Amino acid sequence: MPFSIATWNINSVRLREPIVTRLLKAEKPDILCLQEIKCREDQFPLKGFAKLGYTHVAIHGQTGYHGVATLSRHPFAATERQGFCGKDDARHVAVTVDTKAGPLTIDNFYIPSGGDIPDPSENDKFAHKLSFLEEFTAWGAERANGAGRVAVGDFNIAPHPDDVWSHKQLLKVVSHTPVETDALNRAQEVGSWRDVVRDHLPVPEKVFTWWSYRARDWSASNRGRRLDHIWSDPATAGRSTGVRVLRDARDWPKPSDHVPVIATFDL
DNA sequence: ATGACGATCCCAGATCGA
């Protein structure tokens with residue numbers, strides 16, 4: 001059976017409920033993982049999504065910042081939310097659903113952005129990002145056990161040169177510095193994760209999922225980065241049938257600065 | 001590289017995003 005998983009940094013789910021609805025109607029993903037919902041669990045707009053069949057929702061929210069939520073057409077066999085770096089930040093939620101091919105766990109992450117200065121001794125946010133990546137690596141290594149597992153979200157790192165508009169000009173910009181890209185590539189290696197997006201859209205094709213709000217014309221300048229990712233265990237990756245980046249969503253009304261990424265599997 | 005933007009808190013501007 002085709003089984004699709006979408007990930008989208010929505011930058012406030014309350015403000016952008018209409019375009020989330022638009023995505024759900026147009027694409028009907030089995031699972032939608034949202035990041036930066038920017039609200040508490042009790043503020044999450046459940047009703048409209050339930051009307052479209054998304055009656056199963058796992059939320060890890062907080063006031064004002066961060067926050068992740070996973071919407072599903074299928075019931076959850078289990079849910080889990082994990083803290084990282086000893087903080088209360090709402091940056092992870094996991095759901096397990098039963099597919100024809102067996103149970104599948106989908107982990108939804110919002111990795112710290114890291115602030116402006118790419119030096120952990122000068123910038124606590126960058127230090128936090130690096131220690132989060134260390135814990136994320138260990139987390140992934142423990143889960144490299146052959147079970148069906150997909151890890152998605154806004155990782156806030158563009159790991160490869162073709163994941164940014166200019167490798168050279170971004171080498172000292174947080175999201176593409178060597179210390180970050182090395183850490184993410186190592187996390188991928190240690191956990192035996194497959195980069196499902198790049199499996200289907202291989203380098204050297206440029207693939208971006210985020211464009212700044214500050215550009216006069218985001219599409220014309222096209223200074224994007226690939227910050228949003230879909231990883232899976234090798235067996236699940238072997239069942240993946242396609243990936244799409246919904247670039248058009250960057251021009252939907254009141255857009256997020258990120259666009260949805262959707263992977264389809266035969267499960 | 002920075003930031004011409006845009007979000008949160010609840011009403012004013014500080015803080016965050018990347």
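Every chain is numbered from 1 and lettered A, B, ... according to where its sequence line falls, protein lines coming before strand lines. Values below: every heavy atom of this structure, side chains too, minus hydrogens, waters and symmetry copies. These figures come from a predicted structure and were not determined experimentally.
For the side-chain contact (heavy atoms from CB on, under 4.5 Å) with A:Leu71, the lone residue among A:Val57, A:Ile31, A:Asp30 that qualifies is A:Val57. The only option from A:Arg244, A:His229, A:Arg226 that meets the side-chain contact (heavy atoms from CB on, under 4.5 Å) definition with A:Val197 turns out to be A:Arg226.
Residues satisfying the ring pair (Phe, Tyr, Trp, His ring centres under 6.0 Å) test with A:Phe265, not counting sequence neighbours, are none. Residues that satisfy the side chain to side chain donor-acceptor pair (under 3.5 Å) test with A:Arg22, not counting sequence neighbours, are absent from this structure. Residues that satisfy the ring pair (Phe, Tyr, Trp, His ring centres under 6.0 Å) test with A:His200, not counting sequence neighbours, are absent from this structure.
Near-neighbour residues of DNA chain B inside residues 177-189 of chain A, defined by a heavy atom below 4.0 Å, are absent.
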Report, one pair per line, the protein and nucleotides 14-18 of chain B atoms (nitrogen or oxygen only) whose separation is under 3.5 Å.
unit_1	atom_1	unit_2	atom_2	d
B:dG17	OP2	A:Ser113	OG	3.4
B:dG17	O5'	A:Ser113	OG	3.3
B:dG17	O6	A:Arg214	NH2	2.2
B:dG17	N1	A:Arg214	NH2	2.8
B:dA18	OP1	A:Glu36	OE2	3.1
B:dA18	OP1	A:Asp154	OD2	3.4
B:dA18	OP1	A:His258	NE2	3.3
B:dA18	OP2	A:Tyr110	OH	2.8
B:dA18	OP2	A:Asn156	OD1	3.3
B:dA18	OP2	A:Asn156	ND2	2.9
B:dA18	O5'	A:Asn156	OD1	3.2
B:dA18	O3'	A:Arg225	NH1	3.1
B:dA18	N1	A:Arg214	NH1	3.2

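In this structure, A:Gln62 atom CD and B:dA7 atom P are separated by 19 Å, rounded to whole Å. At whole-Å resolution of the value, CD1 in A:Ile37 and C1' in B:dG6 are 18 Å apart. In this structure, A:Trp218 places its CH2 atom 17 Å from C1' of B:dG6, rounding to the nearest Å. One atom, CH2 of A:Trp165, and another, C1' of B:dG3, lie 13 Å apart when rounded to the nearest Å. Across the protein-nucleic acid pair, A:Leu15 atom CG and B:dC5 atom P stand 17 Å apart, rounded to whole Å. Rounded to an integer number of Å, the gap from A:Arg14 CZ to B:dC10 P is 10 Å. A:Leu170 places its CG atom 14 Å from the C1' atom of B:dG3, with the value rounded to the nearest Å.
Residue A:Leu133 holds its CG atom at 11.0 Å from CZ of A:Arg186, rounded to the nearest 0.5 Å.
For A:Asp42 and A:Arg40, the salt-bridge test passes: some basic side-chain N is under 4.0 Å from an acidic carboxylate O.
B:dC10 has its base anti relative to the sugar, with a glycosidic angle deviating from 0 by more than 90°.
Using P as the reference atom, B:dC10 and B:dG6 are 23 Å apart when rounded to the nearest Å. Going from the P atom of B:dA4 to that of B:dC9 covers 24 Å, rounded to whole Å. Taking atom P in both B:dA12 and B:dT2, one finds a spacing of 32 Å when rounded to whole Å. Comparing B:dA1 with B:dC16, their P atoms sit 24 Å apart, to the nearest whole Å.
For the pair A:Arg73 and A:Tyr54, the cation-pi test (distance below 6.0 Å, angle within 45°) is passed. Figure legend: A:Arg223 and A:Trp165 shown as a cation-pi pair, the cationic atom lying under 6.0 angstrom from the six-membered ring centre and within 45 degrees of its axis.
Within 4.0 Å (heavy atoms only), A:Lys168 reaches no atom of the nucleic acid at all.
Taking side-chain N and O atoms only, A:Arg16 has a distance below 4.0 Å to OP1 or OP2 of B:dA7. Side-chain nitrogen and oxygen atoms of A:Ser12 include at least one within less than 4.0 Å of the OP1 or OP2 phosphate oxygen of B:dT8.
Counting only residues at least two apart or in different chains, side chain to side chain donor-acceptor pair (under 3.5 Å) contacts with residues 110-121 of chain A comprise A:Glu36-A:Tyr110, A:Asp119-A:Ser121.
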